[in-house]
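To start, the structure under review is shown below, and the notes come after it.
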Amino acid sequence: MAKNVVVVGTQWGDEGKGKIVDWLTDHAKGVVRFQGGHNAGHTLVVGTKEYKLNLVPSGIVREGVQCLIGNGVVLDIHHLISEIDMLEADGIKVRDRLKVSSGCALILPYHVALDQAREAKKSAGQKIGTTGKGIGPAYADKVARRALHVYDLFDPARFDAKLREVLDYHNFVLTGYLGAPAVDPQEVFDRAMADAEIIRPLVADVSSLIYAANEAGGNLLFEGAQGSMLDIDHGTYPFVTSSNCVSGQAAAGSGVGPGMLHYVLGITKAYCTRVGGGPFPSELDIETAGVPGEQMSRVGREFGTVTKRKRRCGWFDAAALRRSARINGLTGLCITKLDVLDGLDELRICTGYTLHGSKIDMLPIGADEVAACQPVYETLPGWKESTFGVKRWEDLPANAQAYLNRLEQACGVPVAIVSTGPEREETILKHHPFAD
């Protein structure tokens, strides 16, 4: 019987989901991307080769694996085409294995213009830290029922009429409120029509393909982007992304019922990072040489895959993980980047907060409340031995085992996998998500 696994980030993104999806794909017939856009960045290391993916699902580097982009993704087809070309230049067959839902809402050049103009207009303390790739405005159009979709591309007259109507509105906002140049509808139309002919062979009913794969006995992986604390409903709003990043979106964003989601694997770093603005209770100094936060930043190479911005770093936040476990229904955890903590004399775990004079043990909802939280820490001894590349649990230092056991206990979710390096084989397996 087929089994389906959902992989989600449990923190503020950048947890290392791409490697784990790639690692799990040897047990899967397909990988489904169900939300976000090309603001996601998944880095895969295969031997000496490094691949940086934004839209194409991480299973693409495994031969014979079908990759599907579901209706919950907002799609910049121009970027998708360039990503396909990049992968195929490296010898990876993409076009015969990648299918795109006709229901994906499109990201078009005016979404990018709006995104960048809005962020530029905000004062320093109000900037979200958006990637400027048009994700938010595209989701806003979708909710406002004025989005153009992949299926519109193949009726040029209809596409042109819808485009000119929506651009009348957006150009008014761009020029009249944001002080930015207008976008030429003819230029948008011409590029979209050219891209449409390239993408046409890839367009499919993704929901039907998923059901067909399961009926044939094939396991599937559902791959999330960003992290649960950036979820539009459950994250540190307004410092969030514009989509639902939680496991439940795997159903809505790909066209299947929730009963088809059998196991939810939460990816979490052995510490915390965050890119862009927004509150971060366990944040540390990353600029002073020799302090724990600086080691996390330097050893972990904490720079955004998409933005190239330096990531903020902090101690592991178990109270935030409890919130994430609840909203995702986590079955198991995968802890990544354990080796980054090698050599620290002591480690801290944020087990809760003091908020308005009271103690709480779970991250509150909304940026204002989170910003007011003062972390409560528990201290554990560190270890001097290297954990990099360790492949068996019993080969980990005793203090590293104790740290992971405490994370498991503090979060209330069992640790299924530990990643000790970027390569596929640098992985410790305690329980396989595809096992019965």
Side-chain angles (χ1 to χ4, degrees), residues 9-20 41-43 45 129 226-230 236 266-321 324 333-351 363 370 373 375-390 396-397 399-404 406-407 410-411 415 417-423 426 428:
T10 58
Q11 298 166 310
W12 284 278
D14 309 306
E15 299 95 347
K17 297 180 288 295
K19 176 217 166 158
I20 301 304
H42 293 167
T43 301
V45 178
Q226 289 84 43
S228 299
M229 295 298 98
L230 294 176
T236 50
I267 315 301
T268 180
K269 282 177 181 166
Y271 51 101
C272 281
T273 63
R274 178 166 195 166
V275 173
F280 184 4
S282 65
E283 184 171 10
L284 294 170
D285 170 16
I286 63 171
E287 301 297 341
T288 302
V291 299
E294 185 272 337
Q295 174 171 318
M296 294 171 189
S297 177
R298 171 174 45 81
V299 178
R301 294 188 295 175
E302 295 295 355
F303 294 88
T305 302
V306 173
T307 64
K308 309 302 180 188
R309 290 175 294 186
K310 184 178 283 192
R311 295 176 187 139
R312 301 151 67 191
C313 298
W315 294 118
F316 187 92
D317 192 332
L321 223 298
S324 196
L333 286 175
C334 171
I335 306 294
T336 65
K337 290 197 169 184
L338 179 68
D339 58 289
V340 173
L341 303 180
D342 293 352
L344 291 177
D345 292 329
E346 62 180 30
L347 305 171
R348 288 186 172 187
I349 300 171
C350 174
T351 57
L363 190 79
V370 175
C373 286
V376 176
Y377 288 116
E378 176 181 316
T379 302
L380 281 75
W383 56 88
K384 298 301 181 184
E385 306 95 322
S386 172
T387 63
F388 184 82
V390 172
L396 287 173
N399 283 353
Q401 293 183 33
Y403 179 70
L404 293 170
R406 181 65 186 114
L407 298 189
C411 300
V415 174
I417 301 169
V418 182
S419 176
T420 58
E423 299 259 8
E426 294 167 344
I428 297 169

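The basis for the numbers below is simple: all heavy atoms, side chains too, and nothing from hydrogens, waters or symmetry mates.
- Residues Thr336 and Glu15 share a closest heavy-atom pair of OG1-O, 2.7 Å.
- Judged as a side-chain contact (heavy atoms from CB on, under 4.5 Å), and not counting sequence neighbours, the contacts of Pro397 are Trp383, Glu385, Thr387, Ala400.
- Arg312 meets the side-chain hydrogen bond (donor to acceptor under 3.5 Å, both in side chains) test with Glu283; sequence neighbours excluded.
- Summarising the geometry, atom CG belonging to Leu321 is positioned 13.0 Å from atom OG1 belonging to Thr351; distances are rounded to the nearest 0.5 Å.
- Heavy-atom minimum distance, Trp12 versus Thr236: NE1-OG1, 3.8 Å.
- Minimum interatomic distance between Gly300 and Val340 (heavy atoms only, all atoms of both residues): CA-CG2, 3.7 Å.
- Note: Leu338 CG to Lys269 NZ = 13.5 Å, rounded to the nearest 0.5 Å.
- A donor-acceptor distance shorter than 3.5 angstrom exists from the side chain of Thr420 to the backbone of Glu426, with no hydrogens or angles considered.
- With hydrogens and angles left out, the side-chain atoms of Tyr271 and Glu302 include a donor and acceptor closer than 3.5 Å.
- Taken from SG in Cys272 to CG in Asp14, the straight-line distance is 11.5 Å, to the nearest 0.5 Å.
- The nearest pair of heavy atoms linking Asp342 to Gln295 is O-NE2, 2.9 Å.
- The two atoms that bring Ile286 and Ser297 nearest to each other are CB-CB, 4.1 Å, heavy atoms only.
- Gln11 CD to Ile267 CD1: the interatomic distance, rounded to the nearest 0.5 Å, is 10.0 Å.
- Considering CG of Leu344 and CG of Leu380, their distance stands at 12.5 Å, rounded to 0.5 Å.
- Going from atom NZ of Lys337 over to atom OG1 of Thr268 covers 12.0 Å, rounded to the nearest 0.5 Å.
- Taking 4.0 Å as the cut-off between side-chain N and carboxylate O, Lys384 and Asp345 count as a salt-bridged pair.
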